[in-house]
Trainee: 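Here you go, one structure.
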Amino acid sequence: MKKAGVAILGLGVVGGGTYQILTEKREYFKKTQGVDLTVECVLEKNVERAKQLGVEESRIASSIEEVVANPNVDIVVEVIGGTGVAKTFVTKALMSGKTVVTSNKELFAKHWPELEEEAKKMNAGLFFEASCVGGVPIIRTLQEGMQANKILSIKGIINGTTNYILTKMAYEGWSYEEALKEAQRLGYAEFNPTADVEGFDATYKLSILSSLAFNKKICIENVYREGITGINKEDIAYGKEMGYTLKLLGIGKDTENGVEVRVHPTFVRNDDPLAAVNDSFNAVHLVGDAVGEIMLYGRGAGALPTGSAIVSDVIFAAKHDRYFYASFENNQKGNKETKFVDDFTSKYYLRLSVADKPGVLSKISGVFAKNNVSLKEVKQVAGEEGKAQIIITTHCCHESLVKKTLAKLDALDEVFEVQGTIRIED
Ligand code: HSE
């Protein structure tokens, strides 16, 4: 039977879940996978936490040097997060010829090429299933299940915190601030929620996933990013009435005009399967030229779901002697030949606060017509004295034309404010 010794760097929520799965299911993995996995050591500053989880004191290492010098350790699991010590530790492990399994999307999105270089030099494995969409096996699906396809698009709810917030705003009528506070209380959002709510977390994940999907390095800088902090519940409610549900989507498309990668709040049709993905759940929808559409759904975070992805990598590493490296040119700055679509096309939802007097609607629609933006639906809602709200959806058009239109509308005396601009994907 194949044997592998594992070291876990960091025993926080995910490290704890990983430790639990590896230790409690040792016999199960021997029987079902033919591998004997042992946790040889852990690196955790909080010794009490390690002991509480059941780690013997003799297996608590005091430095990364001790971990990498341990001849019984074959696989190092990094679940510390961030790009500081995590990067130093992962690099040291790879340089010592240890295979690394990481859940660290930021580290991976920012430093994948250099980490892979180190891994290749030592013929070590570098696995990252848990870096994207937690327990959902999206990376192995892309690498091992979709090889027969050219992947045309990837579209997903890849951040659970923002999905929780948007769900509560839509179904409970909470404000953004109320929903964020509850997300923090439940431990989904951090004290400083910026990485989630401003879309950075989703951007890291989309850069990794679209690189694999489209077989070209997509850098973080290539991904257009907008978070959910500017969203208000009125737009969610108006959208719902018009047949749409709001999600923070990561969208990647490989088109004949180039690659399009973006993270932003998006209205999807109420009958789109992504509209039914609620609370902190994640989902990824893929279109392959042979298989057509597939969708994966599950928990994108948490001790056991993320532990599940990590242990799946550990088992894969233990069972294989040859490892997967990127099949594309994996440069820090991407490949110069990759073309990107800057001025993408989309449908739009717009909400304007306008003067409620004769001729305003025709003036506004004239601006759209002049800028070649075709209107799909227009709705007027009476507002406070002398004011009205105009809610508009457009047909598909270039983003640049919508921006030009909005700038012209903003300059009109009759338009007080552009209150909502949300892209529609259907
Ligand atoms: N903070 C992430 C989320 C979980 O809310 O989805 C790990 O990526």
Side-chain angles (χ1 to χ4, degrees), residues 9-18 77-83 86 101-112 127-139 154-169 176 179-212 220 223 225-229 231 246-251 263-266 274 277-285 296-313:
L9 312 182
L11 281 185
V13 174
V14 175
T18 304
V77 172
E78 182 273 313
V79 276
I80 299 168
T83 55
V101 171
T102 180
S103 62
N104 191 334
K105 72 228 75 166
E106 184 181 359
L107 174 67
F108 215 75
K110 289 185 177 167
H111 301 289
W112 182 0
F127 294 87
F128 49 99
E129 178 66 70
S131 68
C132 297
V133 206
V136 177
I138 178 66
I139 292 190
I154 175 163
K155 207 159 65 174
I157 295 169
I158 53 180
N159 180 272
T161 304
T162 46
N163 202 36
Y164 174 83
I165 293 172
L166 294 176
T167 302
K168 291 300 172 199
M169 289 173 76
Y176 167 77
L180 171 62
K181 216 163 148 197
E182 186 59 7
Q184 284 171 319
R185 195 187 67 77
L186 293 171
Y188 297 146
E190 308 205 5
F191 176 69
N192 176 354
T194 308
D196 288 318
V197 298
E198 292 294 3
F200 290 101
D201 176 83
T203 298
Y204 299 147
K205 292 169 185 166
L206 186 63
S207 111
I208 298 169
L209 294 176
S210 54
S211 296
L212 293 172
I220 305 166
V223 182
R225 176 188 56 80
E226 249 177 54
I228 64 162
T229 47
I231 295 296
L246 190 68
K247 298 291 176 192
L248 181 74
L249 287 195
I251 301 170
V263 167
H264 53 69
T266 313
L274 289 171
V277 177
N278 286 321
D279 294 315
S280 64
F281 277 90
N282 286 200
V284 182
H285 175 274
L296 285 87
Y297 167 90
R299 291 209 174 272
L304 295 179
T306 312
S308 158
I310 289 172
V311 174
S312 127
D313 273 349

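Atoms within a ligand are numbered from 1 in the order they appear, just like the ligands themselves.
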Trainee: Search all heavy atoms of Y297 against all heavy atoms of V136 and return the closest pair with its distance.
Mentor: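 Where Y297 meets V136 most closely, the heavy atoms are C-CG2, 3.9 Å.
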
Trainee: As a test of reading the model: which N/O atoms of the protein lie under 3.5 Å from N/O atoms of ligand 1, and at what distance?
Mentor:
unit_1: ligand 1; atom_1: 1 (N); unit_2: D196; atom_2: OD1; d: 2.9
unit_1: ligand 1; atom_1: 1 (N); unit_2: D196; atom_2: OD2; d: 3.4
unit_1: ligand 1; atom_1: 5 (O); unit_2: N159; atom_2: ND2; d: 3.4
unit_1: ligand 1; atom_1: 5 (O); unit_2: G160; atom_2: N; d: 3.4
unit_1: ligand 1; atom_1: 5 (O); unit_2: T161; atom_2: N; d: 2.9
unit_1: ligand 1; atom_1: 5 (O); unit_2: T161; atom_2: OG1; d: 2.5
unit_1: ligand 1; atom_1: 6 (O); unit_2: G160; atom_2: N; d: 2.7
unit_1: ligand 1; atom_1: 8 (O); unit_2: K105; atom_2: NZ; d: 2.6
unit_1: ligand 1; atom_1: 8 (O); unit_2: D201; atom_2: OD1; d: 3.2
unit_1: ligand 1; atom_1: 8 (O); unit_2: K205; atom_2: NZ; d: 2.8

Trainee: Within the 4.5 Å heavy-atom criterion, are I154 and V284 side-chain neighbours or not?
Mentor: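 With C-beta onward as the side chain, the pair touches.
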
Trainee: Heavy atoms only: give me the nearest S103-V79 pair and the separation to one decimal.
Mentor: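 What the structure gives for the nearest pair is OG-CG1, 3.3 Å.
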
Trainee: On a heavy-atom basis, which atom in L249 and which in I157 lie closest, and how many Å separate them?
Mentor: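 Looking at all heavy atoms of both residues, the closest pair is CD2-CG1, 3.7 Å.
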
Trainee: Just wondering, do I139 and L209 contact through their side chains at under 4.5 Å, heavy atoms?
Mentor: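 Side-chain contact under 4.5 Å: yes.
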
Trainee: Tell me, do V133 and L296 make a side-chain contact under 4.5 Å, heavy atoms counted?
Mentor: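 Side-chain contact under 4.5 Å: no.
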
